[in-house]
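Report on one structure; see the data block that follows.
When a ligand or atom number is given, it counts from 1 through the structure's own listing order. For the single chain, residues carry numbers from 1 onward in sequence order.
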Amino acid sequence: MEKSLKDFKSLLANRISGASRVFIIPHINVDFDALGASVGVAEICSHLGKSCCIVMNEQTNTMSVGIRGVYETVLKQYTVLAPEQVILGRKDQDIVVMVDVGKKNLIPDAIREQLPTFSRVVILDHHKEDEQTIQTKDKFVNLTTSSTCEMITRLFKMYGMKPNKWMSNLLLAGIFLDTNKLRKNTNEKTLEIAARLIRCGASIQDVNDLFLEDFEHDRAIQHLIDGTEFISHTIHSVAIIVNSQNPDRIYSQAELAQAADYLLQYKVDASYAIGLVGPDTIGISARTMGGMYIADVMHLFNGGGNEHSAAARVLNTSDVELVKRELLKVISREEFYAVKSTILEQEVENLEKDSEAVGENDFHQPQDGTKQIVKMKICTAAGC
Ligand SMILES: [Mn+2]
């Protein structure tokens, strides 16, 4: 049976209380949601009188100003260990609490290798599970909650804790990030939680300031957006962003995500930003207001996500146009849209048959009937 957050509140308290130490693991390429949730769990640990540390070691030079500032504050104010340091002085009853992540390919290698040596692995997340997801009974995963920071704020309330002003701003920043500033994946509960954080001292102005860009960073995103192509397909419209002018430019996954987010202000079922994120790795970031099953689309590229945000990484290639062509084939499939075009369905099926005939080497047909692209070695992107 599905666990309620109330059940999870007791479970988390039990697991933390029974632990020697708690290692808090956010996903790699931390964002406001992962940082806010990490700090939130650290506060819950100290509320329960338990020592803990946050495990991360991120490159700050590719971070935008807001996240870099928060990251540096966390380094100063909390115990933070690099993943490689966790192996030292380990105790039998040490546990791991993973926040905003449940997949083994989105946590540092050094932690993944050591996972079996921890007495418990607890997961607090809002992303869809797949074959990369770590198996544990100690979890709360809810895809309809806006963000991990929303879950943390609700847990704080249940534990009788009140976040200070700095933390309220950070938790609200996590919610803002994952809801595109309350424009998507937002319901009455999300707004109530946002209001609660404002009562605890969060300021919309402060949070907006955390999202301020430096000029160069913003130019990079706007330049990427200049490469947008709007693809019309039956009753659907999808925006795909590729920097065809300068395909060798390397972006951060966060920049791709921001570009995809930006496109949601237009009438599209979904937006996808494709770009190099390493010399031989291509990132895809997908966003939707709910018109398209983007987590399923990204799953075909071995990525994943939730109803509104998803991502994937394509390894061992630097050909962004090739990835775009693969994506174009996938988005022509009616099954990935929430509202189906029934009149044209047959026509689409025929089109699909044609396109599959042309590109049949790109697909294989597993037993379960789903199609997966196997031509390229691919893995899930960190965060979405
Ligand atoms: Mn999140």
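- The set of protein atoms (N, O or S) found at less than 2.8 Å from the Mn ion (ligand 1) reads Asp33 OD2, Asp100 OD1, His126 NE2, Asp178 OD2, by chain and number.
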Query raised in the report: Under the ring-ring contact (aromatic ring centres under 6.0 Å, His included) criterion, do Phe156 and His47 qualify, and how do the steps go?
Result: CA-CA 10 Å; Phe156 266 41; His47 179 73; 8.5 Å; no

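- For the pair Arg249 and Tyr251, the cation sits on the ring face: its NZ or CZ lies under 6.0 Å from the ring centre, inside 45° of the axis.
- Between Asp261 and the choices Arg183, Lys181, His308, Arg287, the side-chain hydrogen bond (donor to acceptor under 3.5 Å, both in side chains) rule is met once, by Arg287.
- A distance-only check finds a donor-acceptor pair linking the side chain of Arg68 to the backbone of Thr60 [under 3.5 Å].
- Judged purely by distance below 3.5 Å, without hydrogens or angles, the side chains of Lys324 and Ser244 never pair a donor atom with an acceptor atom.
- Residues satisfying the ring pair (Phe, Tyr, Trp, His ring centres under 6.0 Å) criterion with Phe32, sequence neighbours excluded, are Phe211.
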